[in-house]
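Comments concern the structure below.
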Amino acid sequence: MHSIEYIYTWLFREYGPQGWWPLINHNGSNPTKTGIIKGYHPGVYSFPHNDDERFEICIGAILTQNTTWVNVEKAIENLNKRERVNPVSIANLDIDILKESTRPARYFNQKAQKIKIFTDFYLKLNGKTPKSEELLDIGGIGPETADCMLLYGFNTTSFVVDAYSKRMLINLGLITESATYQEVKRLFEENIPRDLIMYQEYHALIVEHAKRYYQKQPYGENDPLKTLMDSNT
DNA sequence: AACCAGGACGTGA
DNA sequence: TCACGTCATGGT
């Protein structure tokens, strides 16, 4: 078994199903997770159930750029108090109200603009699944945000790479600092089965694991997974 | 009180 | 290409 698949097996056995992507309108929760309020649905893979939920995932993907999820939840809750979070109401929502509501999620000027632009794009989709390149061309949506939308919102088996993934793989000796987004993405995709649920769980599991061992420097200092992998070769 | 979150983009060399 | 600055809240 390749190390990439071994890591997944270990993480899943350690932390279990993660219930991503969290939806704040969903009353599920997982108190074992770090710093979580609500919205996770561990072991349930039927999401999104409708177009509004899909849209909420996409908006959340934009809001969580370089930001903690608890702050994103606050932003979405703020929005939810004023408007039902769906494409039409957000498209018609005053930009200043949007900024005021999403303030806790950082960079609110930029993100409010991004959300407006994305919402117009979303409405034009008419239920279709966008290509990755289309998402990247909108502006304000980079590779990770696009992959999050595709993987969790549109159920497309496109692996999500983030800063944590790189940090962990560097520490485990599987890549170097110079590895690009696409290179890391390919490393994952070429070494695990092309399975939607596994893609979804794997990225979520990395975040959960990294929150514990890869937040403060020196990164991955007492990562039990590294100790295990070092002793096994 | 520094440090940094589930990034993206513009700039100048 | 790439290293670096900007964006600009809130928890630990």
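Here is the naming used below: chain letters follow the sequence lines, and residue numbers restart at 1 for every chain. For clarity, every value in this text was computed on a predicted model and none was experimentally measured.
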- Hey, does the side chain of A:E77 reach the backbone of A:K74 with a donor-acceptor pair shorter than 3.5 angstrom?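 No; judged by distance alone, with no hydrogens or angles, the pair does not exist.
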- Query: Is there ring stacking between A:Y164 and B:dA5, where the centres must be under 5.5 angstrom apart and the planes under 30 degrees?
  - Reply: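 Given the distance and angle limits, no, they do not stack.
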Considering only residues two or more places apart or on different chains, which pairs with a residue in [range] satisfy salt bridge (charged side-chain N to carboxylate O under 4.0 Å, His left out)?
| range | value |
| --- | --- |
| residues 146-160 of chain A | A:D147-A:K185 |
| residues 162-172 of chain A | none |
| residues 88-111 of chain A | A:R82-A:E100 |

Could you work out the separation of [N] and [M] based on their [atom1] atoms and round it to a whole Å?
| N | M | atom1 | result |
| --- | --- | --- | --- |
| C:dC4 | B:dC4 | P | 16 Å |
| B:dC3 | C:dA8 | P | 22 Å |
| C:dT6 | B:dG6 | P | 23 Å |

- Task: Would you please classify the geometry between the A:H203 ring and the A:Y152 ring as parallel, tilted or perpendicular, with 30° and 60° separating the classes?
- Result: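 Tilted.
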- Message: One thing to verify: whether A:R212 and A:E208 come together as a salt bridge, which I'm taking to mean a side-chain N less than 4.0 angstrom from a carboxylate O.
- Response: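 Yes, A:E208 and A:R212 are salt-bridged.
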- In terms of side-chain geometry, is the basic nitrogen of A:D120 or A:K124 positioned less than 4.0 Å from the acidic oxygen of its partner?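 No, this pair does not count.
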Does any part of the side chain of [Y], heavy atoms only, come nearer than 4.5 Å to the side chain of [X], both counted from C-beta?
| X | Y | result |
| --- | --- | --- |
| A:Q200 | A:L151 | yes |
| A:I192 | A:Y199 | yes |
| A:Y214 | A:I206 | no |

Value in whole Å for how far the [atom2] atom of [N] lies from [atom1] of [X]:
| X | N | atom1 | atom2 | value |
| --- | --- | --- | --- | --- |
| A:R106 | B:dC3 | CZ | P | 15 Å |
| A:Y152 | B:dG6 | OH | C1' | 9 Å |
| A:Q18 | B:dG6 | CD | P | 13 Å |
| A:E73 | B:dA5 | CD | C1' | 14 Å |
| A:N71 | B:dG6 | CG | P | 10 Å |
| A:E208 | B:dG6 | CD | P | 10 Å |
| A:D147 | B:dG7 | CG | P | 13 Å |
| A:K74 | B:dA5 | NZ | C1' | 12 Å |

- Task: Using the side-chain hydrogen bond (donor to acceptor under 3.5 Å, both in side chains) rule, take A:D51 and A:Y122 through it: C-alpha gap first, then chi angles, then the decisive distance, then the call.
- Result: CA-CA 10 Å; A:D51 198 61; A:Y122 189 89; 2.7 Å; yes
- Could you check A:N66 against A:Q217 and say which one's nearest nucleotide on DNA chain B is further toward the 5' end?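 Whichever sits nearer the 5' end wins; that is A:Q217.
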- Message: At a heavy-atom distance below 4.0 Å, what parts of residues 165-180 of chain A sit against DNA chain C?
- Response: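 The stretch gives none, as no residue of it lies under 4.0 Å from the strand.
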- Item | Leading and trailing nucleotides of DNA chain C with any atom under 4.0 Å from heavy atoms of chain A |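 Result: C:dC7 to C:dG11.
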- Message: By the 4.0 Å heavy-atom rule, please label A:R103 as base, sugar-phosphate, or nothing.
- Response: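 Sugar-phosphate, no base atom in range.
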- For each nucleotide in nucleotides 8-13 of chain B, reading 5' to 3', give B when a protein heavy atom comes within less than 4.0 Å of its base, S when such contact involves only the sugar-phosphate, and - otherwise. SS----
- Message: Can a side-chain donor-acceptor contact be found between A:N86 and A:S89 if the only test is distance below 3.5 angstrom?
- Response: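 Judged by distance alone, the side chains do pair up.
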